[in-house]
Amino acid sequence: MRKNEKGMLPIFAVGPIYVVSCLIITVGGLVLDYYGFLKWGEITRAQILMFAVGILFIIVGFTLWIKSVLLQKIGTEIEKGNLVTSGVYSIVRNPIYSAFLFIFTGFLFFACNLYLLLLPFIFWAYLMILMKFTEEKWLKEKFGDEYVVYLKKVNRVIPWFRRK
């Protein structure tokens with residue numbers, strides 16, 4: 001990830017890379033399942049439960065996205081050079097990426113296939129590595145101790161209550 005001419009973090013950063021690659025893998029997995037290539041992983045019982053969990057994940061994902069992008073106007077804050085630690089950013093450091101992780105996971109639950117339910121763990125690991133070596137590195141450089149304190153209190157990907 002490169003900073004722009006003013007030394008500011010780009011508004012989109014590594015987001016499109018993460019979201020598009022996970023979207024392609026999700027759609028690919030669902031297509032493989034649809035055409036019967038993942039038969040051994042099918043869950044024939046608990047389909048209603050899987051569907052309900054999928055809907056819940058999608059709702060959580062859209063809620064995170066709406067709160068982080070539309071309500072907190074993160075693009076404006078990035079342009080101003082501010083570190084946002086309030087609102088949804090007080091329970092997860094990367095709510096936009098988390099939102100897509102939740103949405104993709106929700107759709108994978110609809111397939112009722114254990115093999116496809118391994119993908120969210122891969123998406124999570126991919127996001128952890130991506131954040132650690134790109135945005136977090138830059139934010140530590142830019143905000144110093146303020147960001148280090150924030151790192152220790154708020155989870156990177158999974159929304160949770162702030163640690164004291």
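Values below: all heavy atoms of this structure, side chains included; hydrogens, waters and symmetry mates excluded. For reference, positions follow the sequence shown, starting with 1.
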Give the intermediate values and the outcome of side-chain contact (heavy atoms from CB on, under 4.5 Å) for residues Gln72 and Ser86.
CA-CA 9 Å; Gln72 288 203 247; Ser86 62; 3.8 Å; yes

Considering only heavy atoms from C-beta outward, does the side chain of [X] approach that of [Y] to under 4.5 Å?
X	Y	result
Tyr89	Val154	no
Ser98	Arg93	no
Tyr147	Glu141	no

Pairs in or reaching into residues 15-27: which pass salt bridge (Lys or Arg N to Asp or Glu O under 4.0 Å), with residues at least two apart or in two chains?
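Of all non-adjacent pairs touching residues 15-27, none passes salt bridge (Lys or Arg N to Asp or Glu O under 4.0 Å).
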
May I have all residue pairs that pass salt bridge (Lys or Arg N to Asp or Glu O under 4.0 Å) and include part of residues 40-65, sequence neighbours excluded?
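Passing the test, one end in residues 40-65: Lys39-Glu42.
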
Tell me whether the count of non-hydrogen atoms from other residues, nucleotides or ligands lying under 6.0 Å of CG in Leu70 goes above 12.
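Yes, enclosed.
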
Could you give the side-chain donor-acceptor pairs of residues 50-67 under 3.5 Å, partners two or more places apart or in another chain?
{"unit_1": "Thr63", "atom_1": "OG1", "unit_2": "Ile59", "atom_2": "O", "d": "2.7"}

Any link between Val31 and Trp40 through a network of hydrophobic side chains (Ile, Leu, Val, Met, Phe, Trp, Tyr) touching at under 4.5 Å?
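Yes; tracing contacts between hydrophobic side chains, which count when under 4.5 Å, links both residues.
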
Side-chain polar contacts of residues 102-123 - donor-acceptor pairs under 3.5 angstrom, sequence neighbours left out - could you list them?
{"unit_1": "Thr105", "atom_1": "OG1", "unit_2": "Leu101", "atom_2": "O", "d": "2.7"}
{"unit_1": "Asn113", "atom_1": "OD1", "unit_2": "Tyr115", "atom_2": "N", "d": "2.8"}
{"unit_1": "Asn113", "atom_1": "ND2", "unit_2": "Asp33", "atom_2": "OD1", "d": "2.9"}
{"unit_1": "Asn113", "atom_1": "ND2", "unit_2": "Leu38", "atom_2": "O", "d": "2.8"}

Pair up each side-chain donor or acceptor in residues 19-30 with any protein partner under 3.5 Å, not counting sequence neighbours, and list the distances.
{"unit_1": "Ser21", "atom_1": "OG", "unit_2": "Ile17", "atom_2": "O", "d": "2.7"}
{"unit_1": "Ser21", "atom_1": "OG", "unit_2": "Tyr18", "atom_2": "O", "d": "3.1"}
{"unit_1": "Ser21", "atom_1": "OG", "unit_2": "Tyr126", "atom_2": "OH", "d": "3.2"}
{"unit_1": "Thr26", "atom_1": "OG1", "unit_2": "Cys22", "atom_2": "O", "d": "2.8"}

Please identify each residue that fulfils salt bridge (charged side-chain N to carboxylate O under 4.0 Å, His left out) with Glu146, with sequence neighbours left out.
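Here no residue qualifies.
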
Side chains of Tyr97 and Glu135 only: does a donor on one sit below 3.5 Å from an acceptor on the other?
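Present: a donor and an acceptor within the cut-off.
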
